[in-house]
Q: 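Before I ask anything, here is the structure I am working with.
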Amino acid sequence: RTLLAGTGALALPGVATHALAQAKPPEFTLKYANNLPVTHPMNVRANEMAAAILAESKGRLEIKVFPSSQLGNDTDTLSQVRQGAVDFFTLSPLILGNLVPSAQISGVGFAFKDYNQVWAAMDGELGAHVRREIAAKSSMFAFEKIWDNGYRQMTSSARPITRPDDLKGMKMRVPPSPFWVSMFKAFEASPATINFAEVYTALQTKVVDGQENPLAIIATAKLNEVQPFCSITNHMWDGFWFLANKQSFARLPADLQEIVTRHVNKAAQLERDDVKKLNDSLMTDLKAKGMTFNTTDAELFRTKLRAAGFYAEWHKKFGDEAWAVLEKYTGKLI
Ligand code: X2X
């Protein structure tokens, strides 16, 4: 006590904690990686969660959060999580589709009319179906509560997208996922798969003209600096499964597994509220920063997908049984 008091360290909670951590290193240190800026609610809630886990485990379990694709882009990180070099990762169900194709079903265009449908499906049978598939077909599992990304909107440096024809031939960045490529081909755009880590630069250097993401990402990643037009299309809801490498998790004693599970699912619920509030309020901020917005008629885009055979094709790929589970929550889609 005398020694610490002598340094003045006890006056600062942060320093005192640090001194304690040095005295007794954590028994377990696990890595959690994601692709979003540190200011996005996902990282804000994940940092809070990591602090709560360290406290509740009495310093036994430390989770290190790596934002902004610091450990590699999504494609690289996915292979690291599969191998256990990274322990936790939040990933879109559609990018996970490269490994577990059936996971992409939550991304079906214009499927969920509102958040009541989203959470009923994802916290219900549709989410359970996908989590079973992930656990059966990979070295990873997903925690019960999916984190929110939001409804996706289209942005461009070329022109406002007001109707499907505006997408014709437009070079659109899509995340690396068969489903996204298929959807933007159905719109007759020219999709290019680029990991999020490279999106700002790709837009800035005009490798692509447009991209699509929820407003919370457009704002925190400052994509508005390189994309003057934003079209409110709500063409797809997207989330992030919180994935764990099975062996990394199995190495934890049962009490620590319980603490992690409870805090991950709790943080997901808090993050969902934050993201919804941000996505609902950001248009005003982005307009003030010079971004031009337009609304769209969703039915025109939906008709275009239908005419291109997009729904029929993916219904066939996902199978009648899974499609019926989706439509149980969304109503008939075709
Ligand atoms: O890559 C994207 O666009 C992002 C950040 O939305 C996803 O992780 C799917």
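Each ligand, and each atom within it, is numbered from 1 in the order the structure gives.
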Q: Give me the residue, atom name and distance of the protein heavy atom closest to atom 7 (C) of ligand 1.
A: N35 ND2, 3.8 Å
Q: Quickly, which of E225, K222, Q211 forms a side chain to side chain donor-acceptor pair (under 3.5 Å) with Y200? Name it, please.
A: E225
Q: Supply the atom-to-atom distance T296 OG1 to I161 CD1, rounded to the nearest 0.5 angstrom.
A: 9.5 Å
Q: Can you sort out which atoms of ligand 1 are near F240, meaning under 4.0 Å from one of its heavy atoms?
A: 8 (O)
Q: Checking a contact table here: which protein heavy atom is nearest atom 4 (C) of ligand 1, and how many Å away?
A: N213 OD1, 3.6 Å
Q: Which word best sums up how the rings of Y115 and W119 line up, parallel for under 30°, tilted for 30 to 60°, or perpendicular for over 60°?
A: parallel
Q: How does N195 reach ligand 1, by side chain, by backbone, by both or by neither, if only non-hydrogen atoms under 4.0 Å count?
A: neither
Q: Should the ring pair F143 and F249 be called parallel, tilted or perpendicular, given that the plane angle runs from 0 to 90° and is split at 30 and 60?
A: perpendicular
Q: Under 4.0 Å from any heavy atom of F196, which atoms of ligand 1 are there?
A: 1 (O), 2 (C), 3 (O), 5 (C)
Q: Checking salt bridge (charged side-chain N to carboxylate O under 4.0 Å, His left out) between E299 and each of R306, R163, K304, which is the one that passes?
A: R306
Q: I'd like to know if the side chain of R152 and the backbone of D238 have a donor-acceptor N/O pair within less than 3.5 Å.
A: no
Q: Select one of side chain, backbone, both or neither to describe which atoms of R173 lie under 4.0 Å from any atom of ligand 1, heavy atoms only.
A: side chain
Q: Under a 4.0 Å heavy-atom limit, does D238 contact ligand 1 with its side chain, its backbone, both, or neither?
A: side chain
Q: Please determine whether a side-chain nitrogen of the Lys or Arg among E313 and K316 lies less than 4.0 Å from a carboxylate oxygen of the Asp or Glu.
A: no
Q: Could you tell me whether some N/O pair between E212 and ligand 1 is separated by less than 3.5 angstrom?
A: no
Q: Carefully, step by step, assess F179 and F310 under the rule ring pair (Phe, Tyr, Trp, His ring centres under 6.0 Å).
A: CA-CA 10 Å; F179 194 89; F310 175 81; 5.3 Å; yes
Q: Taking heavy atoms and a distance under 4.0 Å, where does I217 meet ligand 1: side chain, backbone, both or neither?
A: side chain
Q: Measure R152 to ligand 1 on non-hydrogen atoms and call it side chain, backbone, both or neither using the 4.0 Å cut-off.
A: side chain
Q: Give the atom numbers and elements of ligand 1 that come within less than 4.0 Å of a heavy atom of S92.
A: 9 (C)
